[in-house]
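Note that this is a predicted model, so its numbers are computed, not measured.
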Protein chains: 2
Amino acid sequence: MSIGPVGVTRRATISDVAREAGTGKTSVSRYLNGETNVLSSDLRARIEAAIKRLDYRPNQMARGLKRGRNRLVGLLVADITNPYTVGVLRGAEEACHVLGLMPLVCNAAGEVEMERRYLQLMTTYRVEGVIVNALGVKEETLRPVGEGGTPAVLVDRTIDGLLADMVGLDNGNAVALGMRHLLDEGFEDIRFVVQPYERISSRRLREAAFRSTLEQAQRERDPGAAPLRGETMVLDLSDDEAVAQAHEAVDRHLEAASKAGGRRVAYFAANGPVALSLALHLHARYGSRWQERVALLSIDDSEWAELIGVTAIRQPTFEIGYRAVEFLHERIEGAVVPAREAMLPGELVIRRSTVRQNEN
Amino acid sequence: MSIGPVGVTRRATISDVAREAGTGKTSVSRYLNGETNVLSSDLRARIEAAIKRLDYRPNQMARGLKRGRNRLVGLLVADITNPYTVGVLRGAEEACHVLGLMPLVCNAAGEVEMERRYLQLMTTYRVEGVIVNALGVKEETLRPVGEGGTPAVLVDRTIDGLLADMVGLDNGNAVALGMRHLLDEGFEDIRFVVQPYERISSRRLREAAFRSTLEQAQRERDPGAAPLRGETMVLDLSDDEAVAQAHEAVDRHLEAASKAGGRRVAYFAANGPVALSLALHLHARYGSRWQERVALLSIDDSEWAELIGVTAIRQPTFEIGYRAVEFLHERIEGAVVPAREAMLPGELVIRRSTVRQNEN
DNA sequence: TTGTAGGCGTTATCAT
DNA sequence: ATGATAACGCCTACAA
């Protein structure tokens, strides 16, 4: 049991401390806010003692009420189940910690409705700013930069019509990195698999980068060589039936490819969840040696990718989260600059899956 | 742009609404708190309109200050990187949502110091209760049940000297489940791998269960049969060097076992991170066919376990989180019952790794 | 049915 | 150097 009043312990207030120290609330407040140079060392000591004796902790809520800022920032993520999210969260929390902010983490768990409600709830707690890894919020819900509303920083994806800071992967570069590697390794039939991408900017950008990279490679190819094959395939993970159909399409593709001869085929997953879905299916369909049949490359690195030797493009998730909070902090402190964009580079991690060599 | 005042938008207060509706704050407050039966339908309509017009949202902070409850509950987790934690978080968030609580998620990221600070920070925000997946906090930091302090519910592990509700896996049963399976499958040399377990109750319980199960099996064994082999091995994931040494010990063990003849050996990982560490090492050491050499079974199921066919004991993480919040909620609402314990059952998921059959 | 006044725990303003 | 006192936005007697 800690020191202090026993029984039903009402938390000590600033008045309690003042009384205990034989002084007024003002001086205690001054002590708390570091205006210690304005206090006689005697009084300072008394206050310090009283605080310790009562185990006093200033009430942030009351503080926030008075000052108009409570140091709370909302972190709204689309799906905490995604390792990408966890990485971002870690970086964001660390930055908050350094900057004296208190993160209010909310997980929309893939549901747009949840996302809207949490956003409301956050404003209700008067968060000073929000970091949003959006699922489907509309522009009306947030306020454009400079509108005087709660500052917002977007992560990984933009929101149509919303002018705000945004931090994410340099998608074009990341895809190009992966494609160059696949082409260098001699793959001639590449399928880019991505979740429905019309409404999510990062997916859109990745898909576009895939096509443009492919076309360019085609143009630069030996005139005599067989033409490259490349196609985009949509995989809607929220729809079991669609997933099953997509998996079947994969099977047909591989079947056809193997019949047609030795063309080396690769699947390029636009993100971790897609890669996992593919890997699970391939494992179920072709057994544990499935990688001898198809190559897999994925944006988003993960434990399992390392474990089974799948090449990946690692996103700097920690830094993305960190930078997002830094942006937000600047806004909170009153910066009035145009919307910014930080596109961080991905890193290619080459593993067995995509290189020619004998089975280990 | 949303409706309402443009420019630097100060959020509307209850007074603004009252003025806009041509009434007093009291009526607005009543409206907000659902005492709508005490209001003339005319006034009600005017208030409703005013609220909409001003886009008014009551300030939870001010509300909490007055009422003494702000609906905030702290969720302090040891390591958000652990899928177990994510599962618990999901359940806890869902329960919060249902019960009208606002989760304040904090990740100690494996650092005891962080944990202490976050706990302080939370009390500073006057959370109504905390859910703690402890790393190393001491009893003094929290208050025992019934002491009138902030109610706390423990997850997965107890804290020495602290009487509080606790929710977690039924460790004894889970380990027995796994052991029975291994023994049924004919494994005769089983190594239980666990992080340093003196100070973490769940690890201690699992280790103890391992030994007792083993001894019992030994006693019930055919007198003629060769004695079972079983040993506990400590793997300190926070110490790279220790990890390397442990991995070497694994190698020596496997070497010896294979020389000694056909004894089937299995590794039983006490949790997910341990299992991953082992799997990564075995993969690096023996290549992708490592499972033909050793069997691995793990408490904690995961994506990768499914992907490479590792048998696991799934923890009901979602439910653990959910139950924890339910317990907490009861305390918050004033329940004064003795400390409770909810031990939820694990589920054995059998996969290729531990069964005799041909390679798929 | 409606409104007035006081206070929750802080900080800011203004005296002393 | 120190202390009253009035807000901050809300809720809750109490009054009308």
Side-chain angles (χ1 to χ4, degrees), chain A residues 9-48 50-51 54-72 102 121 123-128 150, chain B residues 9-48 50-51 54-72 102 121 123-128 150:
Chain A
T9 317
R10 188 180 57 84
R11 282 221 83 93
T13 76
I14 198 172
S15 303
D16 297 330
V17 176
R19 197 177 321 116
E20 179 83 9
T23 177
K25 309 195 287 181
T26 313
S27 297
V28 180
S29 176
R30 289 209 176 95
Y31 175 91
L32 293 175
N33 294 297
E35 304 175 41
T36 118
N37 46 347
V38 206
L39 294 175
S40 70
S41 60
D42 168 51
L43 185 49
R44 207 185 317 160
R46 269 153 51 214
I47 293 177
E48 187 167 348
I51 289 182
L54 299 178
D55 187 30
Y56 167 72
R57 315 272 171 82
N59 183 331
Q60 275 300 340
M61 296 308 174
R63 224 177 232 212
L65 186 55
K66 179 64 195 171
R67 297 211 274 220
R69 39 173 28 201
N70 54 20
R71 311 279 70 190
L72 244 30
M102 180 71 168
L121 206 51
T123 80
T124 254
Y125 279 95
R126 296 297 186 270
V127 294
E128 297 186 39
T150 315
Chain B
T9 318
R10 188 181 57 84
R11 282 221 81 94
T13 76
I14 198 172
S15 305
D16 297 331
V17 176
R19 197 177 322 114
E20 179 83 9
T23 176
K25 309 195 287 181
T26 314
S27 298
V28 180
S29 176
R30 291 210 176 97
Y31 175 89
L32 294 175
N33 293 300
E35 303 176 41
T36 102
N37 46 346
V38 206
L39 295 175
S40 71
S41 61
D42 168 51
L43 185 49
R44 205 184 320 159
R46 269 152 52 211
I47 293 178
E48 186 168 348
I51 289 182
L54 298 177
D55 187 31
Y56 168 72
R57 316 271 170 82
N59 183 333
Q60 274 301 334
M61 296 309 175
R63 218 181 247 219
L65 188 56
K66 179 64 194 168
R67 298 210 273 218
R69 40 172 28 201
N70 55 20
R71 312 278 69 190
L72 243 31
M102 181 70 168
L121 207 50
T123 79
T124 254
Y125 280 94
R126 297 296 186 269
V127 294
E128 296 186 40
T150 314

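The shortest heavy-atom contact between A:Arg11 and B:Thr123 is NH1-CB, 4.4 Å. In terms of heavy-atom proximity, B:Pro58 sits nearest to A:Arg126 at O-NH1, 3.9 Å. Contact between B:Val17 and B:Tyr56 at its shortest, heavy atoms only, is CG2-CG, 3.5 Å. Closest heavy-atom contact between A:Val127 and A:Thr150: O-CG2, 3.6 Å. Considering every non-hydrogen atom in both B:Leu65 and A:Ala62, the closest pair reads CD1-CB, 3.8 Å.
The side chain to side chain contact (heavy atoms under 4.5 Å, CB included) check on A:Ser40 picks up A:Asp42, A:Leu43, with sequence neighbours excluded.
Side chain of A:Gln60 to main chain of B:Thr124: no donor-acceptor pair is present (N/O by atom type, distance under 3.5 Å, no hydrogens or angles).
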Listed pairs under 3.5 Å, donor-acceptor, residues 28-38 of chain B side chains, sequence neighbours left out:
unit_1  : atom_1 : unit_2  : atom_2 : d
B:Ser29 : OG     : B:Asn33 : ND2    : 3.4
B:Asn33 : OD1    : B:Arg67 : NH1    : 3.4
B:Asn33 : ND2    : B:Ser29 : O      : 2.9

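Sequence neighbours left out, the pairs with a member in residues 18-28 of chain B that pass salt bridge (Lys or Arg N to Asp or Glu O under 4.0 Å) are B:Asp16-B:Arg19, B:Glu20-B:Arg53.
Each end of the helix from C:dT1-D:dA16 to C:dT16-D:dA1 gets its own axis from five base pairs, and the two axes differ in direction by 40°, given to 10 degrees.
In 5' to 3' order, the nucleotides of DNA chain D bounding all contacts with chain A (an atom under 4.0 Å from a heavy atom) are D:dA1 to D:dG9.
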### Query
With the sugar-phosphate defined as primed atoms, P, OP1 and OP2, and the base as all remaining atoms, what B/S/- string results for nucleotides 10-16 of chain C, 5' to 3', for protein heavy atoms under 4.0 Å?
BBB-B--
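Using a 4.5 Å heavy-atom threshold, the side chains of B:Leu72 and B:Glu128 count as separate.
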